Number of protein chains: 4
Amino acid sequence: MPSPKTGLWLIGARGGVATTAAVGLAAVRRGLTRPTALVTELPMFAGCGLTGWPDLVLGGHDIRQAPAAETAEALAASNAIDRDLVDATLPDLDRYDGEVRPGVLHRSGSTIEGLADEGFSIAADSPRGQIEQVKRDLRDFQARHKLERVVVMLVASTEPATPTELLPERWREFDATLENHSTCLARASTLYAIAALELAQPFINFTPSLGSDCPALRELATERGAVHMGRDGKTGETLLKSVLAPMFARRNLEVMSWVGHNIFGNMDGQVLDDPVNKAAKVRSKDHLLGEILGYDPQTLVSIEYIRSLGDWKTAWDHVHFRGFLGTPMTLQLTWQGCDSALAAPLVLDLARLAARSAERGESGELTHLASFFKSPQGGPTADFVKQYDLLESWAAGASL
Amino acid sequence: MPSPKTGLWLIGARGGVATTAAVGLAAVRRGLTRPTALVTELPMFAGCGLTGWPDLVLGGHDIRQAPAAETAEALAASNAIDRDLVDATLPDLDRYDGEVRPGVLHRSGSTIEGLADEGFSIAADSPRGQIEQVKRDLRDFQARHKLERVVVMLVASTEPATPTELLPERWREFDATLENHSTCLARASTLYAIAALELAQPFINFTPSLGSDCPALRELATERGAVHMGRDGKTGETLLKSVLAPMFARRNLEVMSWVGHNIFGNMDGQVLDDPVNKAAKVRSKDHLLGEILGYDPQTLVSIEYIRSLGDWKTAWDHVHFRGFLGTPMTLQLTWQGCDSALAAPLVLDLARLAARSAERGESGELTHLASFFKSPQGGPTADFVKQYDLLESWAAGASL
Amino acid sequence: MPSPKTGLWLIGARGGVATTAAVGLAAVRRGLTRPTALVTELPMFAGCGLTGWPDLVLGGHDIRQAPAAETAEALAASNAIDRDLVDATLPDLDRYDGEVRPGVLHRSGSTIEGLADEGFSIAADSPRGQIEQVKRDLRDFQARHKLERVVVMLVASTEPATPTELLPERWREFDATLENHSTCLARASTLYAIAALELAQPFINFTPSLGSDCPALRELATERGAVHMGRDGKTGETLLKSVLAPMFARRNLEVMSWVGHNIFGNMDGQVLDDPVNKAAKVRSKDHLLGEILGYDPQTLVSIEYIRSLGDWKTAWDHVHFRGFLGTPMTLQLTWQGCDSALAAPLVLDLARLAARSAERGESGELTHLASFFKSPQGGPTADFVKQYDLLESWAAGASL
Amino acid sequence: MPSPKTGLWLIGARGGVATTAAVGLAAVRRGLTRPTALVTELPMFAGCGLTGWPDLVLGGHDIRQAPAAETAEALAASNAIDRDLVDATLPDLDRYDGEVRPGVLHRSGSTIEGLADEGFSIAADSPRGQIEQVKRDLRDFQARHKLERVVVMLVASTEPATPTELLPERWREFDATLENHSTCLARASTLYAIAALELAQPFINFTPSLGSDCPALRELATERGAVHMGRDGKTGETLLKSVLAPMFARRNLEVMSWVGHNIFGNMDGQVLDDPVNKAAKVRSKDHLLGEILGYDPQTLVSIEYIRSLGDWKTAWDHVHFRGFLGTPMTLQLTWQGCDSALAAPLVLDLARLAARSAERGESGELTHLASFFKSPQGGPTADFVKQYDLLESWAAGASL
Ligand SMILES: NC(=O)c1ccc[n+]([C@@H]2O[C@H](COP(=O)([O-])OP(=O)(O)OC[C@H]3O[C@@H](n4cnc5c(N)ncnc54)[C@H](O)[C@@H]3O)[C@@H](O)[C@H]2O)c1
Ligand SMILES: NC(=O)c1ccc[n+]([C@@H]2O[C@H](COP(=O)([O-])OP(=O)(O)OC[C@H]3O[C@@H](n4cnc5c(N)ncnc54)[C@H](O)[C@@H]3O)[C@@H](O)[C@H]2O)c1
Ligand SMILES: NC(=O)c1ccc[n+]([C@@H]2O[C@H](COP(=O)([O-])OP(=O)(O)OC[C@H]3O[C@@H](n4cnc5c(N)ncnc54)[C@H](O)[C@@H]3O)[C@@H](O)[C@H]2O)c1
Ligand SMILES: NC(=O)c1ccc[n+]([C@@H]2O[C@H](COP(=O)([O-])OP(=O)(O)OC[C@H]3O[C@@H](n4cnc5c(N)ncnc54)[C@H](O)[C@@H]3O)[C@@H](O)[C@H]2O)c1
Ligand code: NA
Ligand code: NA
């Protein structure tokens with residue numbers, strides 16, 4: 001009996017994270033790389049019945065036509081991916097390109113709209129129409145490849161913050177707003193989420209955009225028995241914070257201020273350079289300190305677009321804390337990580353984990369995936385190790 | 001009924017750590033400072049019945065006569081302790097000075113012997129005689145202050161590494177070597193440990209010296225029902241390692257090399273500047289990476305004496321790791337901590353915790369205190385959070 | 001014949017820089033400190049006939065009444081000045097307090113106006129009236145202490161940028177605008193400059209505020225034969241830039257981006273936290289790179305107010321440059337300096353140097369003092385060493 | 001009339017620096033790269049009549065046979081050189097390989113001897129015989145390519161320090177020691193220097209090895225009218241020191257300690273990992289602080305071999321200095337540079353500059369090249385900018 005195949009549908013399919021995931025999956029399958037940075041390759045998942053890499057099929061939506069090979073080429077040029085791996089996986093990238101469909105835009109803001117190809121048109125006359133278009137693409141994909149299920153993964157550009165206080169809390173009323181563009185205050189990320197959840201497919205939001213993180217969509221997910229989770233992949237500076245802040249707490253050291261300056265130069269950085277888009281991201285990187293420490297030190301997070309850095313995110317953190325007898329001390333961190341190479345393996349991990357949760361009949365927010373996110377939905381805890389404990393327990397339970 | 005009083009006997013009583021503990025205890029008692037950095041002041045210990053600060057009485061051994069106020073003054077001069085606190089606690093330091101007795105030296109190495117006051121003599125004609133001298137001092141102290149028990153805490157200069165492979169494994173044979181200096185290959189730290197354990201008093205080793213960490217003394221401790229633990233307080237760079245290395249492991253990131261350079265300028269630094277003493281310390285800071293990661297990255301730890309830094313330990317760590325698709329990335333840390341102010345609160349915590357364990361009738365190595373040490377005896381795990389979980393469980397169990 | 005005495009009149013007399021200068025001058029005079037950080041104590045100035053420290057008399061203006069001892073106390077608390085020095089110079093600070101007069105405010109912006117003591121009133125009915133008040137204070141000071149001359153030094157809070165394009169270029173027309181508050185678009189810093197120059201006294205601007213840096217005041221200075229110079233003392237990050245950028249240029253290395261993040265927590269920081277005040281400062285820290293390199297790398301300068309740091313300015317600079325064959329490389333700097341202790345000695349140096357220039361009959365902008373400023377008036381060169389060469393030549397020429 | 005051709009003979013021809021110089025020269029000639037990092041491409045050299053890049057011919061000695069393409073490949077793999085440039089210059093590297101001859105070893109120490117190919121034999125029976133062999137190779141090279149002159153450039157592995165106090169000071173006596181291996185205490189680097197100088201060819205020493213830096217060879221050079229210069233290319237940490245230390249001096253700031261830790265992982269690092277070879281290098285990086293500052297702060301320089309870093313030299317410098325009123329402050333630097341890409345352009349620059357000096361009839365030590373070296377022979381000054389001034393003056397004088 002052939003193993004059941006799983007689809008991974010990437011919203012933002014031609015971006016840095018999605019493309020690195022595509023190169024990476026191909027390289028892993030071809031045996032060209034070791035499984036470094038794939039959490040689900042750790043021993044504790046060995047018996048969990050996760051989708052095998054050969055059984056994962058990629059497709060997605062984007063608003064740009066540039067072939068994935070072009071993005072991959074740029075990543076190789078900035079030393080984010082080894083050039084040889086890109087060369088060796090070009091046929092896979094070509095095939096992937098064939099599975100990418102035009103996505104949807106809705107209240108995405110002028111910076112994101114500026115990215116779209118000339119001539120890219122908001123096809124449907126209403127948000128509901130756009131949702132149906134997305135669902136058609138998902139169903140076609142599933143049928144074309146005989147997929148058991150399709151995990152929908154949001155890795156598109158960060159939208160401006162959504163005014164959640166204005167969104168209807170009940171699904172029925174929310175649904176009613178979808179009939180035309182002016183009444184629907186949600187943005188494209190949420191339309192994608194609705195499409196996935198209405199099809200009872202897993203929806204994972206790797207970005208700070210709203211996606212499914214509101215009461216109405218929680219209701220929808222529960223109703224359809226769908227699983228979902230987000231928001232904002234935890235890959236660098238925030239990962240460090242969620243590991244180090246608990247250390248200060250456990251040692252009863254008082255954090256007086258925590259300053260974090262991030263600089264990088266990829267397309268994501270360009271989008272985040274727009275203050276409305278940046279605001280959403282900064283909030284996502286900042287709140288956890290208070291949650292972990294139990295008090296609010298002065299914090300500062302900046303994200304700045306510095307062209308020359310390309311995909312290399314450099315973060316400098318300055319932690320000013322007080323020790324015994326009030327003596328002030330300092331910890332500084334400099335993180336030089338390649339953003340796409342940090343995010344892509346987690347995207348592949350989340351696809352496998354969400355698919356397995358769906359298969360096991362779980363539903364609602366997958367809080368055991370909290371360790372993957374900066375702002376985990378369902379918010380179980382902000383302490384990385386406690387979050388990871390949840391994952392370990394799940395792995396133990398999911399073992400066959 | 002007055003609460004039972006506990007003694008804390010500091011070996012190395014006039015050193016930086018011990019003096020800061022003395023100033024700190026006085027300042028806490030006088031209400032001059034908040035309990036920052038005292039782990040045992042966290043809520044989880046509230047119901048554990050730990051000794052109240054007013055019921056803790058200090059005394060100790062040293063090989064130098066310089067009054068504690070002088071050490072405290074030097075610490076204030078290098079901004080390690082607030083000058084006002086030193087001024088306000090001078091009467092307490094005077095009283096403390098009155099409780100310090102001349103210690104013992106045995107195979108302590110020329111650098112430590114060089115610290116001893118001129119005219120300081122190795123009084124006893126044999127190690128056994130020295131042990132008995134220490135025991136007399138401990139018993140006098142206990143009687144003088146009507147103490148329920150006396151925790152013996154080693155905070156003396158780091159000795160050269162002891163050749164453990166040459167020490168007898170059984171207590172009976174070990175005991176026989178104590179009859180004269182030439183047959184006894186253990187060093188002073190172990191003589192102090194024997195004195196404490198023979199009196200069934202708790203013995204805690206905050207230094208990298210051997211102390212009680214050998215089979216013969218483990219046997220002795222068990223036989224007498226005494227508790228003990230060590231080695232080497234985990235206060236700075238190694239604390240960070242035991243928090244960050246698990247992060248790399250949990251994310252399946254491959255650490256290729258981890259370099260740590262430490263510079264500082266206090267008396268401890270002067271002693272560690274002697275290569276034979278340094279070797280013991282470096283080993284203690286380095287081994288945990290392999291234990292946590294499950295493989296051995298290239299590591300390097302240097303400790304260098306830089307006069308101008310005084311008590312300020314500055315550590316630079318450079319972690320070179322490999323992410324997805326083999327992409328190399330870097331994390332750098334700079335830690336600027338005040339050594340004594342980091343160590344002293346843990347010394348006070350350990351005193352309370354060890355006393356309570358003894359009171360509860362525990363015996364042998366207190367592995368639930370592993371999170372306090374770089375090289376925890378009984379070696380339960382090298383992951384800080386897992387170590388801390390043990391402490392949390394203990395606290396839950398010890399609650400009244 | 002007694003040596004002629006020189007006055008140093010500090011605008012912003014109760015601020016961090018001025019107070020540190022006052023403590024420092026007293027400590028130097030009392031022989032309590034070595035002349036570290038005083039440029040004019042270097043051998044090359046030995047024969048230049050600079051005012052001796054005992055012959056320098058301090059006074060000034062401020063808009064706040066808090067005694068200097070209070071500011072000094074706060075600086076000692078944040079380890080910016082040694083407490084013992086503050087204690088030993090309290091009598092000098094008291095005498096200094098007696099020489100401080102209420103200053104003037106004019107278009108100083110709401111943040112600076114918020115600093116002024118309650119009840120502080122803009123006494124005069126016109127800018128011209130305010131100028132005359134300042135001149136009276138200066139003349140009184142000179143007479144009271146029989147001073148040969150009075151150097152007026154601006155160390156007051158950074159004002160919002162002045163709209164220089166709207167200021168009359170000729171002194172006569174500029175003068176005419178001073179008749180009432182609404183027609184005068186210059187700010188207080190420029191009123192102080194006019195007062196000094198009209199009295200033919202040296203005026204030095206240690207701040208980014210406009211002061212005398214406009215055509216009309218240049219004309220006034222020349223006409224009166226007065227010397228003046230500014231702007232913005234070069235003490236930390238910008239000093240490093242003016243030393244390191246030439247290195248890149250001389251080695252033909254291409255700077256792609258230069259990012260500088262500054263954090264600090266003193267009152268100056270609080271004022272600069274207001275975006276209108278900050279804009280003036282940032283401009284002053286940023287322009288020199290293009291001037292030195294001959295092309296414009298991407299640059300970013302941030303200044304953020306982080307309370308817990310007090311007077312400690314921490315700056316992180318990230319320089320991304322291209323070497324041979326286009327290989328990208330990185331230099332990172334972390335500067336941890338005490339702002340007032342960096343600025344104060346330069347203030348004392350500038351007082352001596354400006355006084356001597358006036359004595360020698362120089363007039364106009366003192367471009368040989370360029371090395372002291374971030375944005376040197378007369379703009380001879382942005383390369384620190386070339387600037388310093390000008391100072392060395394001057395010293396050779398001024399030797400008696 | 002065809003322009004006269006110049007040879008550049010690289011001792012250590014298959015090493016990282018030499019290979020990068022070969023790739024770089026080819027890339028420059030083919031117009032594949034901009035002249036970034038080539039000092040002699042700055043405008044001030046435009047009229048100096050330096051050898052054009054097409055007229056520079058490469059050859060050299062090595063003790064290993066590995067083709068240059070292999071070294072270049074390894075440099076590309078560690079992102080030190082762009083892979084495309086290596087690919088595009090393979091024909092040039094092949095031609096270069098054809099010009100490399102087996103070099104000589106003499107008292108080179110076991111680590112360097114361990115690098116030599118199996119079967120590599122010390123052909124000649126005496127140092128004098130080895131010198132003659134080297135001269136033959138140089139003359140053949142010159143004749144084969146009709147070269148006006150051949151600059152001999154030492155870029156071979158760092159030898160152990162030579163016991164200069166035991167070397168004869170007069171050339172005649174020194175020469176006499178060359179008759180057999182046991183009487184000659186100089187090492188291979190000096191034999192190469194003798195060969196060059198006896199042929200009156202320019203000799204440049206880019207390494208810390210002794211080369212021509214002793215009285216006897218100075219005499220020889222003068223006698224033959226040959227130019228020479230060294231030692232140890234100034235490319236990274238030491239370059240920064242020679243730029244920053246003068247800043248502290250000019251501002252009268254007191255450097256208390258300067259600690260520098262260097263880590264890297266190329267073949268040079270492997271050789272320097274041997275303590276006898278390292279000692280020579282460390283000395284070369286350390287002495288200049290005292291020379292610049294006029295007093296000796298505590299200094300520490302470490303160089304450690306960390307495999308994973310390949311050609312990327314990472315240096316962390318910690319400068320602890322005292323400001324006004326004794327306030328201690330800190331500057332930290334992290335330099336992440338690619339060693340070969342930093343060194344290679346200077347090697348090409350030095351070849352052009354030395355050739356032009358010879359053409360102009362200069363002789364002896366070329367002290368105007370001091371800015372290129374950590375330990376400049378003739379030791380004019382340790383301040384980078386003052387050194388560079390000498391170069392600028394020379395350029396002005398050499399203009400046609
Ligand atoms: N370490 C990381 O890289 C990391 C970590 C956490 C979160 N994220 C988030 O992941 C997202 C992707 O990052 P990236 O670096 O790949 O960015 P990117 O800019 O390279 O790619 C985003 C892609 O999304 C596409 N897109 C935008 N709006 C769309 C829409 N409405 N429908 C379909 N496609 C759309 C764009 O055309 C682009 O191809 C961002 O939101 C980022 O903040 C990244
Ligand atoms: N963060 C920290 O400060 C830290 C962390 C872990 C471990 N430690 C260890 O704690 C110990 C104390 O550190 P410190 O900074 O206080 O050092 P210190 O040099 O200031 O004090 C050590 C004291 O021990 C005394 N001494 C030496 N040999 C003795 C003996 N045989 N008997 C009695 N007294 C003796 C010395 O005279 C001195 O007063 C060191 O071993 C150090 O490595 C410190
Ligand atoms: N390293 C340095 O500290 C440094 C370097 C360059 C420039 N500066 C500049 O020097 C100035 C002073 O810095 P500081 O740290 O002393 O600041 P501060 O805030 O401690 O002191 C400024 C003082 O100016 C007073 N003031 C404000 N407006 C005034 C007015 N119109 N008349 C009279 N007094 C007035 C304030 O009351 C305050 O006492 C700032 O402009 C700062 O940007 C400082
Ligand atoms: N930034 C820099 O790279 C830098 C800066 C200053 C100085 N240097 C010095 O330049 C030299 C070369 O550095 P590298 O990185 O190219 O080192 P490398 O180890 O890559 O190359 C050295 C080469 O010299 C060869 N060699 C050794 N002994 C020889 C001999 N007696 N005759 C002929 N060849 C011999 C070796 O086989 C090797 O090919 C080293 O001494 C280094 O310290 C380098
Ligand atoms: Na210590
Ligand atoms: Na200031």
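Note on naming: letters A, B, ... go to the chains in the order of the sequence lines (proteins, then strands), and numbering restarts at 1 for each one. These numbers come from the heavy atoms of this one structure, side chains and all, not from hydrogens, waters or symmetry mates. Treat the numbers as computed from the prediction; the structure is a model and nothing was measured.
For chain D, no part of C/W316 is nearby; none of its heavy atoms comes within less than 4.5 Å. Neither the backbone nor the side chain of C/P246 comes within contact range of chain D; no heavy atoms are under 4.5 Å apart. Both the backbone and the side chain of D/T20 come within less than 4.5 Å of a heavy atom of chain C. For D/R34, the part lying under 4.5 angstrom from a heavy atom of chain C is the side chain only. The contact between D/T33 and chain C is made entirely by side chain atoms (from C-beta outward), counting heavy-atom distances below 4.5 Å. For C/A249, the part lying under 4.5 angstrom from a heavy atom of chain D is the backbone only. For a residue to count as touching a neighbouring chain, one of its non-hydrogen atoms must lie under 4.5 Å from one of that chain's; by this rule D/L346 touches chain C with the side chain only.
Nearest heavy atom pair, residue D/C338 against residue C/T327, reads CB-CG2, 4.1 Å. The nearest pair of heavy atoms linking D/L348 to C/F324 is CD1-CZ, 3.9 Å. Of all non-hydrogen atoms in D/A37 and C/L253, the two that sit nearest each other are CB-CD2, 3.8 Å.
Between D/D389 and C/K386 a salt bridge is recorded (basic side-chain N to carboxylate O distance below 4.0 Å).
Judged purely by atom type and a 3.5 angstrom limit, D/N252 uses its side chain to pair as donor or acceptor with the backbone of C/L38.
Against chain C, the residues from residues 70-84 of chain D that qualify, each with a non-hydrogen atom under 4.5 angstrom away, are D/N79, D/A80, D/I81 in number order.
Side-chain contact between D/M247 and C/L240 is present, with heavy atoms from C-beta onward closer than 4.5 Å. Taking the side chain as every heavy atom from C-beta outward, D/M329 and C/W312 approach each other to under 4.5 Å. Under the 4.5 Å side-chain criterion, counting only non-hydrogen atoms from C-beta, D/R251 is not in contact with C/Y388. You'll find the side chain of C/Q336 reaches within 4.5 Å of the side chain of D/Q332, heavy atoms only.
Atoms OG1 and CG, on C/T334 and D/L331 in that order, are 8.0 Å from each other to the nearest 0.5 Å. Annotation: the span from D/T330 atom OG1 to C/W335 atom CH2 amounts to 9.5 Å, rounded to 0.5 Å. The structure places CG of C/L325 at 10.0 Å from CG of D/L32, a figure rounded to the nearest 0.5 Å. The distance from atom CG of C/L391 to atom CZ of D/R250, rounded to the nearest 0.5 Å, is 10.5 Å.
Of the listed residues (C/V319, C/L239, C/D349, C/L85), the greatest number of heavy-atom pairs within a distance under 4.5 Å of chain D belongs to C/L239. Considering only heavy-atom pairs separated by less than 4.5 Å from chain C, the leading option among D/K234, D/E41, D/E392, D/M44 is D/K234.
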